[in-house]
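The block underneath contains the structure these notes are about, expressed in structure tokens.
Numbering starts at 1 and runs along the sequence shown.
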Amino acid sequence: MKTIFILTVSLTATASVAAPIIPTTPGTAWRYNMTQEMDHGLRVPDVRPDPDGKIRAPVVYRIDGTENVDGKELLKFEMHRAGVITNIDLLSVDQRGVFCWARINLDGELVKFDPPQPMISMPLKRGATWSFDGQAGDLKVQQQYEVTGEENVQVPAGKFHAFRIHSEQTSPSPMTIDRWFAAGTGIVKDVTTMRAANGDLLERISLELAEPPRVTDRPEVKPETAPKKLSVSFAKEQFGKASTTFSSDTPQIYARWQGQRLRKGAKVRAVWIAENIDIGEDVPSDYKADEASAIAESPTAHGAFTLSRPEDGWAIGDYRAEFYVDDVLAGTVKIKIVK
């Protein structure tokens, strides 16, 4: 999954103190149908969307034993998607709730939560609230949770009476999440939404339980592959809707990039090339107009290069931006400037 998905998909259950909060038997798996919607300018490398533009795939969240972190034995929850383990959540479960102590990302990097992130705080009832104000590795994270009520929810696995939890994340990036979980079952539905400052949808990921949790064999994991290292897009605002056409009076154009499996310390470079522009002069085709670079601080580092409008406006015509990782071409985007 991409993107900064700090609101960890963790499986929770009943508000009853006497019953287990979630099943903890090794091998227990929760199968979900996932639907991913993205702004049309953003793409998931090596994944083809359905005709309606949405990406649909089955995913499995499974307990694969335990792992010791700083002397504490934690449950090891693996998220499987298309033969790849996209992340591993290291959780503790007791009558106080469900806490995420660390996460292992796609690149094998261990990211610790300080303090442990409370995914579920007991007891649960309408109006109950809790928060997380701490660190996820080097990132500052601020989240607020509220139990908004109880309701019946229909998913492929059946009909469940579930608590509904609403969460607002303000840092490191704005995000909302709505979760429904049922006593003795866990999360039955989960919807995470990220929007731009103007309200446009950037990404929405929905999970619906496909069958009740049960002990299963570990899904087959494919041999390691090398997916595309950068996802890139352009916009008028740093967190705005992606576009490939801009007017000549646009004040700034943001070239946004999102890393995947980058080498820590890798050089990310963008080159702005004028392919065919009209400025009344003899400008050669494929003229390099500008370039900028940044250093990736982590495998999933992200950022934006800012292109500011010249005093007399952008020259009308066709441009392209080439993105390089350690001087190896990683992606190209075509841009058009119009009146």
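Note that the CG atom of L201 and the CZ atom of R195 stand 5.0 Å from one another [nearest 0.5 Å]. Rounding to the nearest 0.5 Å gives a distance of 5.5 Å between CG of L74 and CG of L90. In this structure, CD on Q258 lies 6.0 Å from NE2 on H302, to the nearest 0.5 angstrom. How far CE of M194 is from CE of M38: 7.5 Å, rounded to the nearest 0.5 Å. Distance OH/Y32 to CE/M79: 7.5 Å, rounded to 0.5 Å. How far CG of D52 is from OG1 of T35: 8.5 Å, rounded to the nearest 0.5 Å.
For K76, the NZ atom counts as densely surrounded, since its 6.0 Å shell holds more than 12 non-hydrogen atoms of other residues, nucleotides or ligands. For OH of Y254, the number of neighbouring non-hydrogen atoms (other residues, nucleotides, ligands) closer than 6.0 Å is greater than 12. Atom CG of D217 has 12 or fewer heavy atoms from other residues, nucleotides or ligands within 6.0 Å. Other residues, nucleotides and ligands place no more than 12 heavy atoms under 6.0 Å from the CZ atom of R126. Atom CG of D50 has more than 12 heavy atoms from other residues, nucleotides or ligands within 6.0 Å. Annotation for K140: atom NZ counts as buried by contact number, over 12 foreign heavy atoms lying within 6.0 Å.
Nearest heavy atoms, I316 versus K339: CD1-CG, 3.1 Å. The shortest non-hydrogen separation linking A128 to P123 is CB-O, 4.3 Å. P213 and T185 get closest at one heavy-atom pair: CG-O, 3.5 Å. Nearest heavy atom pair, residue E208 against residue K189, reads OE2-CE, 3.8 Å. The two residues Y145 and M119 have their closest heavy-atom pair at OH-CE, 4.0 Å. Smallest separation of non-hydrogen atoms from G240 and L202: O-CD2, 3.9 Å.
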side-chain contact (heavy atoms from CB on, under 4.5 Å) evaluation trace for V147 with W130: CA-CA 9 Å; V147 180; W130 65 91; 4.0 Å; yes
When you look at V221 and H80, which way does the side-chain contact (heavy atoms from CB on, under 4.5 Å) test go after all the steps? CA-CA 8 Å; V221 178; H80 293 257; 3.9 Å; yes
List the steps, then state whether side-chain contact (heavy atoms from CB on, under 4.5 Å) holds for D290 with L307. CA-CA 9 Å; D290 199 2; L307 297 163; 4.3 Å; yes
Determine, stepwise, if the pair W180 / V191 fulfils side-chain contact (heavy atoms from CB on, under 4.5 Å). CA-CA 9 Å; W180 291 258; V191 181; 4.1 Å; yes
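No side-chain donor from either of T250 and W314 sits under 3.5 Å from a side-chain acceptor of the other. A donor-acceptor contact closer than 3.5 angstrom is absent between the side chains of Q252 and T306. For the residue pair S131/D133, the side-chain donor-acceptor check at 3.5 Å is not satisfied.
Ion pairing between a basic and an acidic side chain is recognised when a charged N comes within 4.0 Å of a carboxylate O; K112 and D114 show no such pairing. The pair R320-D286 counts as a salt bridge, with a side-chain nitrogen and a carboxylate oxygen less than 4.0 angstrom apart. With salt bridges taken as basic N to acidic carboxylate O contacts below 4.0 Å, none links R309 and D249. With respect to the salt-bridge test (charged N to carboxylate O, under 4.0 angstrom), the residues D318 and K336 qualify.
The same ILVMFWY cluster, assembled from side-chain heavy atoms under 4.5 Å apart, contains both W257 and V333. Clustering ILVMFWY residues whenever any of their side-chain heavy atoms sit less than 4.5 angstrom apart, transitively, puts M34 in the very cluster that holds L209. In the hydrophobic clustering of this structure, L75 does not group with V111; members are Ile, Leu, Val, Met, Phe, Trp, Tyr whose side-chain heavy atoms approach within less than 4.5 Å, directly or through other members. Side-chain heavy atoms closer than 4.5 Å link hydrophobic residues (I, L, V, M, F, W, Y) into clusters, and following such links, possibly through other members, connects F163 to V153. Connection of M175 to F239 is not established within any shared hydrophobic cluster, with ILVMFWY side chains joined at heavy-atom distances below 4.5 Å, either directly or through further cluster members.
Residues F99 and S121 are not in side-chain contact: their nearest non-hydrogen atoms beyond the backbone lie 4.5 Å or more apart. Counting only heavy atoms from C-beta outward, the side chains of Q95 and M122 never approach each other to under 4.5 Å.
Q169 places a side-chain N or O within donor-acceptor distance of the main-chain N or O of S173, the cut-off being under 3.5 Å. In terms of modelled atom types and a separation under 3.5 Å, the side chain of R164 and the main chain of E151 share no donor-acceptor contact.
In this pair, F234 and W272 present their aromatic rings tilted. The plane angle is within the 30 to 60° band.
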